[in-house]
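Proteins get letters first, then strands, A, B, ... in listed order; numbering begins at 1 in each.
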2 protein chains.
Amino acid sequence: MKSQPVDKAVNSLNFKAMDVAQAASASSIVFDTLRKAIIEGDLPDGTPLRQEELARMFNTSRIPVREAISRLEQQGLVSSQRYKGAVVAGISMEEVDEIFDLRALLESEVIRRAVPKISEETISAARVFCDQFTASSSPSEWGDLNRKFHCTLYEAAELPNHMNVINSILDRIDRYLRAQLALTDGMETASREHEQILQACIDGDAELAAKLTNRHVEGAKASLINFLQRER
Amino acid sequence: MKSQPVDKAVNSLNFKAMDVAQAASASSIVFDTLRKAIIEGDLPDGTPLRQEELARMFNTSRIPVREAISRLEQQGLVSSQRYKGAVVAGISMEEVDEIFDLRALLESEVIRRAVPKISEETISAARVFCDQFTASSSPSEWGDLNRKFHCTLYEAAELPNHMNVINSILDRIDRYLRAQLALTDGMETASREHEQILQACIDGDAELAAKLTNRHVEGAKASLINFLQRER
DNA sequence: ATATTGTGTATTGGATCCAATCCATGCTAG
DNA sequence: CTAGCATGGATTGGATCCAATACACAATAT
């Protein structure tokens with residue numbers, strides 16, 4: 001009877017960190033962390049994800065780890081076989097080819113529908129990411145900034161389901177995109193094309209923005225496939 | 001030492017059912033069954049999915065049930081809140097609008113790329129589904145046959161990742177598509193349009209097939225939205 | 001009477017334990 | 001020496017148990 005109010009008082013003190021959002025579940029933390037690690041290439045293709053090992057890392061039991069792996073598999077980021085475990089899913093040349101086409105199709109359509117709705121704030125936000133991208137000399141940032149630039153513009157279309165699909169497929173190829181940007185002229189051409197796309201958005205030319213985005217993606221695909229073929 | 005060969009012999013006898021594929025895991029069975037039930041509308045929007053109840057139904061513990069629900073949520077078929085449970089996810093009017101646009105975009109592109117690669121076998125398989133669809137008087141079959149007809153043609157494009165996306169979004173709206181087909185002239189117009197699409201495929205006219213598919217989907221959207229608006 | 005607070009129950013999230021399966025290693029038979 | 005098989009450790013899948021949370025309902029105070 002007496003100790004309870006004290007607990008409440010204590011709880012009400014550290015509200016800054018928690019705000020309204022309750023603490024994330026263990027499985028979500030594992031999911032988010034692994035997803036990020038895979039996207040950024042910290043876990044190369046084929047890396048086995050052992051449940052007990054991960055459970056130790058996150059100080060949990062294997063249950064949340066399994067749920068996280070299950071979700072990652074549903075998203076195509078890992079592939080797992082019954083009783084044999086899960087590995088980070090790689091991607092074949094044919095899949096790169098197909099997925100970049102899918103990107104080109106979706107992203108050009110989304111930017112087309114975004115342009116008429118783009119606000120000043122969106123433009124300036126995209127401008128910031130665009131400049132940061134061009135200026136950054138840290139390859140580890142390129143992937144993030146590139147994605148933020150594009151997605152900032154896309155968000156204006158207010159098509160959350162399109163974005164879910166785009167984000168899902170971006171997750172699967174982000175590692176390769178990063179590699180492509182690191183190529184000799186990857187950054188350079190990307191920067192130039194971003195500038196053109198942004199200008200088309202400012203001019204309100206939806207068709208041009210769509211066409212440029214399409215070329216941007218298809219160009220990245222060609223460059224990446226070229227790179228991958230020489231690699232092997 | 002003696003009994004082992006007997007076991008092996010017994011195992012080698014019932015290979016017909018198992019073939020190479022090992023028995024599905026419990027969580028996969030729960031996932032597939034719930035997915036089907038949601039798609040077909042057996043579990044209406046908002047139906048709560050209680051873990052213990054489902055566990056009893058499937059004669060398992062709650063663990064596989066939770067994994068299944070987690071995967072369903074990842075796919076957007078259920079929405080769950082921490083400590084509050086999961087419910088079958090409904091869909092708003094705006095989402096119907098957006099998702100049908102997404103379908104139109106993807107399906108018209110896929111059929112465009114499928115047409116040049118469509119074989120005689122594909123045509124005859126699609127023919128069968130098309131006729132069965134037109135002839136069927138059982139509303140419960142319409143959804144399946146409609147989807148099989150379209151997907152049979154799409155498969156010829158050999159774009160598995162495009163198909164994954166298409167199937168994923170079809171899963172989310174299948175219930176509503178079934179409702180739309182059941183409308184006064186839903187079946188009739190769908191049948192007629194299927195016939196036209198199939199003919200365009202036979203003629204090898206990719207652009208026409210794409211345009212017809214686009215109209216087919218957008219028409220279904222208009223009809224469905226009209227229906228939903230009167231409903232409420 | 002109403003708002004608030006405490007309490008009990010239902011339900012989910014996670015930990016621990018057990019069963020099923022795979023795989024590598026070593027043994028045996030030919 | 002090699003092919004095949006048995007066996008044990010490693011790893012995953014599932015069951016059971018415990019903790020944390022939400023919600024309904026009752027009790028109380030103003």
Student: Arg56(B) has an atom CZ; how far is it from atom C1' of dT11(C), in whole Å?
Tutor: 12 Å
Student: Please state whether the phosphate of dG13(C), meaning OP1 or OP2, lies under 4.0 angstrom from any side-chain nitrogen or oxygen of Gln51(B).
Tutor: yes
Student: Taking the nucleotide of DNA chain C with the closest heavy atom to each, which residue, Glu67(A) or Lys84(A), is nearer the 5' end?
Tutor: Glu67(A)
Student: Rounded to whole angstroms, how far apart are CZ on Arg82(B) and P on dA19(D)?
Tutor: 16 Å
Student: According to the interplanar angle, ranging from 0 to 90°, do the rings of His194(B) and His150(B) count as parallel (below 30°), tilted (30 to 60°) or perpendicular (above 60°)?
Tutor: perpendicular
Student: To the nearest Å, give me how far apart CD1 (Ile69(A)) and C1' (dG13(D)) are.
Tutor: 12 Å
Student: What is the distance, to the nearest angstrom, from the CD1 atom on Ile63(A) to the P atom on dA20(D)?
Tutor: 17 Å
Student: Starting at CZ of Arg172(B), measure out to CD1 of Ile38(B) and round the result to the nearest 0.5 Å.
Tutor: 11.5 Å
Student: Separation of Asn59(A) atom CG from dA15(C) atom C1', in whole Å?
Tutor: 13 Å
Student: Apply side-chain hydrogen bond (donor to acceptor under 3.5 Å, both in side chains) to the pair Ser223(B) and Gln180(B), showing each step before the final yes or no.
Tutor: CA-CA 7 Å; Ser223(B) 165; Gln180(B) 190 272 329; 3.0 Å; yes
Student: For the base of dG14(C), is there a side-chain donor-acceptor partner from Arg66(A) under 3.5 Å away?
Tutor: no
Student: Reckon Thr60(A) touches a base, only the sugar-phosphate, or nothing at all at heavy-atom distances under 4.0 Å?
Tutor: sugar-phosphate
Student: In plain terms, say whether Glu218(B) and Lys221(B) are close enough for a salt bridge, that is, a side-chain N and a carboxylate O under 4.0 Å apart.
Tutor: yes
Student: Is Arg62(B) side chain donor-acceptor paired with the dG14(D) base, going by distance under 3.5 Å alone?
Tutor: no
Student: Tyr83(B) has a side chain; which of dG13(D), dG14(D), dA20(D) sits nearest to it?
Tutor: dA20(D)
Student: Give me the one residue out of Lys36(B), Arg103(B), Arg147(B), Arg71(B) that meets salt bridge (Lys or Arg N to Asp or Glu O under 4.0 Å) with Asp171(B).
Tutor: Arg147(B)
Student: If I take atom CD in residue Glu52(A) and atom C1' in nucleotide dG13(D), what distance separates them, rounded to the nearest angstrom?
Tutor: 14 Å
Student: Write down the distance between CD (Glu53(B)) and P (dA10(C)), rounded to a whole number of angstrom.
Tutor: 15 Å
Student: Provide, to the nearest angstrom, the distance between the CG atom belonging to Leu49(A) and the P atom belonging to dT12(D).
Tutor: 9 Å
